[in-house]
Protein chains: 2
Amino acid sequence: MATIRDVAREAGVSIATVSRVFNQTALVTDATAQHVRTVASRLDYWPNSAARSLITHRTHAIGVLLPDLYGEFFSEVIRGIDMAARREKYQVLVSSSRANAETIVAAVRALRGRIDGLIVMAPDADATAAIGDFAARFPVLLLNPGATAIEVGALSIANHEGAYAAVRHLIDLGHRRIAMVMGPSGNLDAGERNAGYRQARADAGIAHLPELELAGDFSESSGFQAAEALMRIRPRPTAVFAANDYMAIGLISALRDADVRVPQDLALVGFDDIAIAQYLSPMLTTVRVDACELGERAMQRLLPFARTRRPAEPHRETLPTTLIVRHSCGAQTPANGATVGSRHRPRGTRHLDDRTSAVRDGGAPGEV
Amino acid sequence: MATIRDVAREAGVSIATVSRVFNQTALVTDATAQHVRTVASRLDYWPNSAARSLITHRTHAIGVLLPDLYGEFFSEVIRGIDMAARREKYQVLVSSSRANAETIVAAVRALRGRIDGLIVMAPDADATAAIGDFAARFPVLLLNPGATAIEVGALSIANHEGAYAAVRHLIDLGHRRIAMVMGPSGNLDAGERNAGYRQARADAGIAHLPELELAGDFSESSGFQAAEALMRIRPRPTAVFAANDYMAIGLISALRDADVRVPQDLALVGFDDIAIAQYLSPMLTTVRVDACELGERAMQRLLPFARTRRPAEPHRETLPTTLIVRHSCGAQTPANGATVGSRHRPRGTRHLDDRTSAVRDGGAPGEV
DNA sequence: AATGTAGATGTAATCGTTTTCATCGTTCGT
DNA sequence: ACGAACGATGAAAACGATTACATCTACATT
């Protein structure tokens, strides 16, 4: 592998000049620059990034710490991160870890020195706490941290507002006995969605009923199992809000097996709007979260701090969600089969933009 | 940030000793080692990986080059890679690129010097070719490269055998007019699946009919659109093999809209066995590919070469696939609702193991 | 007691860059 | 025509580790 010295010798210049050519730093004569470039490409020279980052204290890499969960949501977030990274010429170092504080600290330690900034998806409260002191002296951005006391740059989605809108929609359709399939306990997104569910009930004057909150863990199979518990409840709920789409899929499957019709016998709303939501039968009404944008935005927020290696300022931002009305909720759809959803801005937090997007859906999926 | 010098000074030893303590290389007195460790942790010292890799020529990182496609398959592969990496204390640098040769070369160049080895998911033939000369002097492992002339370490899945089994299964059920929804043109996996489809037809003495091969690109919407084309074919096919599950989902959705019953009016088999396949209605008969294992195995294969930084030996290995019989193919299922699939070993290539796994499915998804 | 040996530790070179500062022509204002 | 200013380039000192080699000590061997 050719080094900067080889290029310098071959081109008859000093290594400083070669370095300048590659960094476009000080002004070098066009002729020399061109010559150096020619020689460099002939020798197939490329700057050694270890040597470079040793002296510059920059790695041009961002770490992404994921929870152990996987699925479409995460892969979309990574995709967004990757898109932004590529645009900004940064590398992405991914690393997953069990959610517990100990392994998170270990993972962060292993990443240390290899990255200029860190994006942490820490869906659990203790995970968030574990990152706290590190974030005070390193550029860290938390994804979906929920409400926490620690001061840290964070980006979350409007879980509460989205869930509220979903449940409110069911209430507006006349439902009163509305169950919810919860997410994993300790998961902050799940917690906020539950809070939104409760708030919507309370605001409509519907009493809180603990037995309507069914256990779940975001997996299809937990949704499947929740359906069985659901059907044992008397009087039977007429609607159910699933904390994510995967569980909604499990629900649909179990309900079909039990000959419970969706939405006639039981209305259903999910959360996330994963790609296949519109291809399910019935087409799933759900709360759209733009996971890809979340990742992209996280990178955008983090990069300025990563470049200067200063801790990110403790500013929280919340991405809006959109209720996508399809068929599983049983809403009457307009003649063309399309309904309108509105964008939910988080209360009391800054939001990304002001527009309220109108969402038409319910037509042929292929057209969307 | 404390350096090795700070620790050495503080502990009253030389930097060489500190280095030895952290690398467990030469024997150091237990007392000194313990003392150094104490001081190091007090100063919150951690070896600078740039400096370390500058002199050792090792980065302890593996690059993963992905195509632009996303979805469950890729996220599962990454998950497998990540699992193996964590076990072996390697970092994972992901980078996606358009499939064309030019951007792949650019991506490889950007990764150069930061990684000890590279896993490339190159579903296209030209992408594979682009990597060729690089692989001759660097540890590279190709995923899903299909049959290519270049000598390179590779890992693929038994596309041909899986597709053959799927179509053969449909033939055994009495179907003769069997269509196929193709994958993206140029995609090698898709090509092999198509070859398996044709082979199964040929072996059963069914003539090749080009009009039964419908365009698709692995997306749900392309499956949806293919269904429309499918229904215009006269005489109408009685079965269809989709080159992946996402397209099968699009097909199911479109067929339902058109009141075509699956499997009664049209039998359907997919490919990949994504998580939700068993929750679809009807439950999808498909060819299982263990994407996670693929990633894990890739890492296993690559690491020995990455450690020594020697080009991987040009050896190809193929992971078996399994036909999972559920309801969408219309097969009669045993009394307990379960059917048996068998594992397909690639012909003429080495396979991972000899077992022929029996797969029972068709029961309640929650129980699987 | 002299010598050999082995284990523990230190010294210093090295990895491949970036960057400060010095140097050396040019050109320009007067 | 002369010094100033400036633009292009080079020399050399970091950056923070690893490691070959040297050194030193303690102890066994003769």
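Every chain is numbered from 1, with letters handed out A, B, ... down the list of sequences.
For the segment residues 6-13 of chain A, the set of residues with a heavy atom within less than 4.0 Å of an atom of DNA chain D comprises Gly12(A), Val13(A), in numerical order. Shown for residues 40-53 of chain A: residues whose heavy atoms fall under 4.0 angstrom of DNA chain C, namely Tyr45(A), Trp46(A), Pro47(A), Asn48(A), Ala51(A), Arg52(A). For DNA chain C, the neighbouring residues in residues 27-35 of chain B, judged by any heavy atom under 4.0 Å, are Leu27(B), Val28(B), Thr29(B), Thr32(B).
Rounded to whole Å, the distance from NE2 on His60(B) to C1' on dA17(D) is 14 Å. The distance between atom CG of Leu54(B) and atom P of dC15(D), rounded to the nearest whole Å, is 14 Å. Separating the CZ atom of Arg58(B) from the P atom of dA17(D) is a distance of 19 Å, rounded to the nearest angstrom. Rounded to an integer number of Å, the gap from Arg5(B) CZ to dG10(C) P is 14 Å. Summarising the geometry, the separation between CE on Met1(A) and P on dC15(C) is reported as 15 Å, rounded to the nearest angstrom. Between Gln24(B) atom CD and dT18(D) atom P there is a gap of 12 Å when expressed in whole angstrom units. If you take CZ of Arg114(B) and P of dG16(C), they are 17 Å apart, rounded to a whole angstrom.
Between Asp116(B) and Arg309(B), at least one side-chain N (NZ, or NE/NH1/NH2) sits under 4.0 Å from a carboxylate O, which counts as a salt bridge.
When each of Ile115(B), Ile119(B), Leu111(B), Ile81(B) is tested with Ile62(B) by the rule side-chain contact (heavy atoms from CB on, under 4.5 Å), just one qualifies, namely Ile119(B).
Counting heavy atoms from C-beta outward, Arg112(B) and Phe138(B) have side chains that stay 4.5 Å or more apart. Counting only heavy atoms from C-beta outward, the side chains of Glu317(A) and Arg297(A) approach each other to under 4.5 Å. Contact check for Phe73(A) versus Val289(A): side-chain heavy atoms found under the 4.5 Å cut-off. Residues Arg114(B) and Gln91(A) are in side-chain contact: their nearest non-hydrogen atoms beyond the backbone lie under 4.5 Å apart. With contacts defined as side-chain heavy-atom distances shorter than 4.5 Å, the pair Val108(A)/Ile131(A) qualifies. Proximity of Asp189(A) to Ile157(A): side-chain heavy atoms (C-beta onward) are separated by under 4.5 Å at one or more points.
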* Does the side chain to side chain contact (heavy atoms under 4.5 Å, CB included) test come out yes or no for Asn48(B) and Met1(B), once each step is laid out? -> CA-CA 10 Å; Asn48(B) 177 307; Met1(B) 192 67 75; over 6 Å; no
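The CG atom of Leu66(A) sits 6.5 Å away from the CE atom of Met121(A) when rounded to the nearest 0.5 Å. Annotation: the span from Met83(B) atom CE to Ile78(B) atom CD1 amounts to 14.0 Å, rounded to 0.5 Å. Atom CG of Asp6(B) is separated from atom CG of Asp44(B) by 12.0 Å, given to the nearest 0.5 angstrom. Taken from CG in Leu303(B) to CD in Glu88(B), the straight-line distance is 5.5 Å, to the nearest 0.5 Å. Atoms SG and CG, from Cys292(B) and Asp82(B) in turn, are 9.5 Å apart once rounded to the nearest 0.5 Å. One finds the CZ atom of Arg86(A) at 7.0 Å from the OG atom of Ser95(B) (value rounded to the nearest 0.5 Å).
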Each nucleotide N or O in nucleotides 19-21 of chain C that has a protein N or O under 3.5 Å away: list the pair and distance.
none

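Between Ser14(B) and His57(B), the residue whose closest nucleotide on DNA chain C is further toward the 5' end is Ser14(B).
For Pro47(A), the side chain to side chain contact (heavy atoms under 4.5 Å, CB included) partners are Phe22(A), Tyr45(A), Arg52(A), not counting sequence neighbours.
The rotation axes computed at either terminus of the helix from dA1(C)-dT30(D) to dT30(C)-dA1(D) lie 40° apart, taking five pairs at each end and rounding to 10 degrees.
Residue Thr3(A) places none of its side-chain N or O atoms closer than 4.0 Å to OP1 or OP2 of dG16(C).
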